[in-house]
Amino acid sequence: MGNRIKGRTKKKSIKAAVHSGSSQAQKLSRMGKVRKRHHAGLDATFIGRAKVLKKLQISLRDFRRLCILKGVYPRQPKKAPKNKKGQVFYHIKDVKALAHEPLLDKFREFRAFMKKVRKSANRNEKDEARRKEPLAPKYTLHHLVRERYPRFADALGDLDDALCLIHLFACLPSDGKIKSGITRKAQQLAASWGAYCSVTGSITKSFISVKGVYLEADIMTSGQAVPVRWVTPHNFTQHIPEGVDFRVMLTFFEFYETLLGFVLFKLYGEMGVRYPLPTVASGGGGESNVSSATLHPTLGGKATSVLAANLSALQFALNDAAKGNSAADAVKDALQSNDGGNDGGNDASDEVNRKAVRAQKKKQRELMQSIDEALKGVEEDGDDNEDDDDEDDFVDEDEDQVPIAAPLREALEAIDDSATSINENGNIVITSPDAQKRHQLFHNMTFFLSREVPRGYLELIILSYGGKVGWEGQDSPILMDDSSITHHVVDRPKLLPSYGALPKSREYIQPQWILDCANFNFILPVQKYGVGHELPPHLSPWVDDTEEGYVPKYKEEIEKIRNGEMLDETDADNVDSGAVKAIIKDDEVSEGDDSASDEDAESTADESEKDAESEEEDDAVAERKAIKKKQTEDEEAAELAKALMSKKAARLYGRMQHGIAQKQAVVDNLHKKRREIESTREKSKDGKTFQKMKVERLKKERREKEDKYAETGGSMKKKRRQN
């Protein structure tokens with residue numbers, strides 16, 4: 001027990017703490033800082049989904065919708081705790097942004113509204129529940145589009161997924177999961193996008209695959225072309241899979257519908273056309289100048305194609321924009337709509353409307369005059385190369401003139417001069433030099449599509465490249481027996497007997513010819529694309545042959561045709577026969593000369609030929625030796641440089657060479673396959689291909705082995721199992 005006395009408290013140790021006499025800085029450097037909870041580390045950066053739902057006070061379904069619309073996705077921490085594996089984390093900043101979203105209040109209002117509807121339904125008050133249905137809270141996603149895409153180029157860059165989903169819903173059948181209104185809206189959006197691409201000639205690349213048809217368009221914005229790529233499904237009967245959550249897809253469709261509406265409004269506005277088009281606007285029963293033959297049946301018309309309906313409406317709108325001022329027309333329409341809603345036909349209101357339209361036109365004329373004067377001043381100022389002070393003097397010369405020279409100059413500098421053009425009909429179309437070049441590919445061609453040919457993407461590509469198209473239908477602008485048809489697109493093994501009565505001036509082709517011509521921007525020969533012929537390989541336009549190191553044979557043939565290096569067989573025969581005739585004629589003339597001079601000329605010619613051959617052989621041997629010597633020198637230099645490398649550099653160089661060797665192996669394998677295919681296509685004297693001869697030889701060897709084995713009493717044939 002030592003000196004300790006029973007009953008007394010134990011004395012405290014007189015030993016002080018090690019850091020008791022240290023300063024605050026010394027304690028911090030030695031002991032470290034005590035971190036507060038939820039202020040650093042994983043808890044301060046990420047938050048679990050369960051806590052998010054508790055914090056926002058919404059259901060999991062509404063939270064998923066809100067994240068999709070807002071563009072918030074789960075995050076994966078680099079060092080997730082062991083006891084929280086499999087948990088979904090979100091960034092704390094994203095959650096704070098969701099907490100201030102106006103849609104959150106709308107979701108809560110809708111939840112409270114549905115409680116009232118259910119309450120009335122449970123009380124068997126069906127009339128009361130129906131009365132409350134139109135009073136449901138509504139919301140828009142316009143602020144989300146402006147928030148997520150502050151620039152138009154950002155919206156175009158994220159348009160790939162939107163177009164893929166829109167075209168997918170346009171092909172899906174309308175059943176319990178997908179309503180007919182959604183399918184109709186998707187078809188209208190896809191047709192509006194296709195109408196813009198076809199009118200402006202924006203389609204640049206196309207490719208048919210198993211998944212669908214890949215298309216790419218260059219959209220001009222601020223003088224730059226932004227590529228947009230999407231997939232159009234094949235026009236087959238689609239079966240709805242059971243494992244797909246269509247609620248998530250419908251939420252994406254809801255946002256992409258608003259996004260595509262914004263983009264189309266911007267693109268159509270640049271062409272001077274108001275969006276939505278009359279085909280869509282006239283569906284509500286209002287008057288429209290578009291005839292019923294150009295409207296889709298869903299809008300009360302007779303057209304069999306939504307794309308054709310939108311194209312006709314777009315052309316009609318472009319014609320109106322080219323005839324007069326679209327702004328004045330918009331004011332006039334607005335005044336007429338207000339007049340119809342108020343009085344329905346008052347003479348005084350009509351007079352007021354006419355005066356307002358007259359004043360608006362006068363104001364537009366004055367503005368155009370001032371713009372013309374400002375343009376003259378801009379040109380003079382640009383020619384003189386004066387400073388900004390001279391620009392101010394120019395604006396102050398006339399006080400009555402509108403001071404728009406400087407803003408107008410900035411606008412003209414920002415706009416690409418090649419972005420606008422006028423076509424043959426006088427329609428104003430936004431385009432570029434490349435689009436104008438593409439638009440001339442099928443300029444003088446008229447295509448007719450048979451009923452078995454898919455119309456959607458073929459119609460879009462043909463119109464985008466300047467061609468005319470017709471089809472088998474009542475609303476087709478071109479009849480089947482029209483003599484102006486240059487190409488008849490057929491997807492059958494052989495032509496129908498009824499095609500014999502059609503004009504003989506047309507070519508019967510398969511659909512692949514249109515896509516290959518569009519990808520190469522060159523009119524290809526139609527012999528390989530005839531009906532019933534084996535088609536050439538369909539090459540992808542997105543493969544860079546120089547980077548891959550291998551050029552397909554068919555592409556080499558096309559390049560030769562484009563460069564004029566390949567001649568037809570008839571032309572080659574004519575050239576050969578002409579050369580032979582010229583040689584015979586020269587021989588006949590030479591026979592009339594002196595025989596002695598002929599013998600001397602022959603002897604000298606033989607000697608000169610022998611000397612030329614010997615010189616050529618010597619030059620070839622010397623050239624081979626020089627090449628071999630250069631190769632050995634390069635190899636020695638490479639080995640020496642590798643020996644002088646550091647270990648790290650040598651390892652990096654080895655990895656580079658390994659990658660190059662792998663790439664070269666792939667190229668060599670492609671060349672090997674090409675040689676095998678070419679060898680199998682060659683035929684022997686009997687007219688059999690080498691592939692067929694190989695199969696016959698293997699069968700013969702197999703029969704011989706079976707006969708020898710049968711002589712021993714056995715059989716190589718497999719016996720069927722008896723149940």
Side-chain angles (χ1 to χ4, degrees), residues 41-42 45-46 73-82 85-86 89 91 157-158 160-161 164 204-211 214 216 218 224-229 231 519-520 536-560 562-563 565 617-682 690-691 694:
L42 183 65
T45 309
F46 300 98
Y73 298 96
R75 304 289 187 92
Q76 186 64 31
K78 293 183 179 179
K79 296 181 180 179
K82 296 181 180 179
K85 285 186 177 181
F89 290 94
H91 204 281
D158 200 19
D160 301 349
D161 296 336
C164 291
T204 56
K205 298 177 182 178
S206 55
F207 182 74
I208 302 176
S209 69
V210 179
K211 294 182 179 180
Y214 288 82
E216 183 175 310
D218 285 348
Q224 296 181 353
V226 179
V228 180
R229 189 183 306 172
V231 185
N519 291 334
F520 289 104
H538 185 44
L539 304 177
S540 174
W542 289 281
V543 177
D544 190 358
D545 297 325
T546 56
E547 184 179 352
E548 295 293 332
Y550 174 77
V551 181
K553 183 180 179 181
Y554 186 58
K555 191 169 185 179
E556 293 178 352
E557 294 178 1
I558 294 175
E559 292 298 330
K560 289 181 181 179
R562 178 180 291 180
N563 298 331
E565 299 177 6
E617 291 179 357
D618 296 339
D619 294 340
V621 172
E623 187 177 356
R624 286 196 296 270
K625 288 182 179 179
I627 293 172
K628 188 174 181 180
K629 184 178 180 181
K630 187 178 180 181
Q631 289 179 353
T632 54
E633 290 178 356
D634 293 342
E635 292 176 358
E636 290 176 358
E639 292 293 334
L640 181 61
K642 189 175 180 180
L644 297 176
M645 286 182 183
S646 62
K647 189 175 181 180
K648 184 177 181 181
R651 198 181 304 116
L652 178 62
Y653 179 76
R655 287 198 294 267
M656 291 171 58
Q657 294 299 319
H658 179 68
I660 294 172
Q662 280 187 336
K663 187 176 180 180
Q664 187 62 32
V666 174
V667 174
D668 294 340
N669 189 22
L670 291 174
H671 282 289
K672 182 181 177 182
K673 288 182 178 179
R674 181 200 274 189
R675 288 193 298 269
E676 291 178 354
I677 293 172
E678 290 177 354
S679 63
T680 54
R681 288 179 179 175
E682 295 178 359
F690 285 92
Q691 184 71 16
K694 182 180 178 181

So which atom in Pro541 and which in Phe207 form the shortest heavy-atom distance, rounded to 0.1 Å? CD-CB, 4.0 Å
Do the non-hydrogen side-chain atoms of Leu640 and Glu636 ever get within less than 4.5 Å of each other? no
Taking every heavy atom of Asn519 against every heavy atom of Ser206, the minimum-distance pair comes out as ND2-O, 2.8 Å
Do Lys628 and Arg624 have side chains that get closer than 4.5 Å, going by heavy atoms? no
With a 4.5 Å heavy-atom cut-off, do Asp218 and Val226 have their side chains touching? no
Measuring from Arg655:CZ to His658:NE2, what's the distance to the nearest 0.5 Å? 11.0 Å
Find the distance between CZ (Arg651) and CE (Met645) and round it off to the nearest 0.5 Å. 13.0 Å
Not counting sequence neighbours, which residues clear salt bridge (charged side-chain N to carboxylate O under 4.0 Å, His left out) with Arg229? List them please. Glu216
ring-ring contact (aromatic ring centres under 6.0 Å, His included) partners for Phe520, two or more places apart: none
Reported CD-to-NZ distance for the pair Glu633 and Lys630, which is rounded to 0.5 angstrom: 9.0 Å
What residues, two or more places apart in sequence or in another chain, satisfy salt bridge (charged side-chain N to carboxylate O under 4.0 Å, His left out) together with Lys663? none
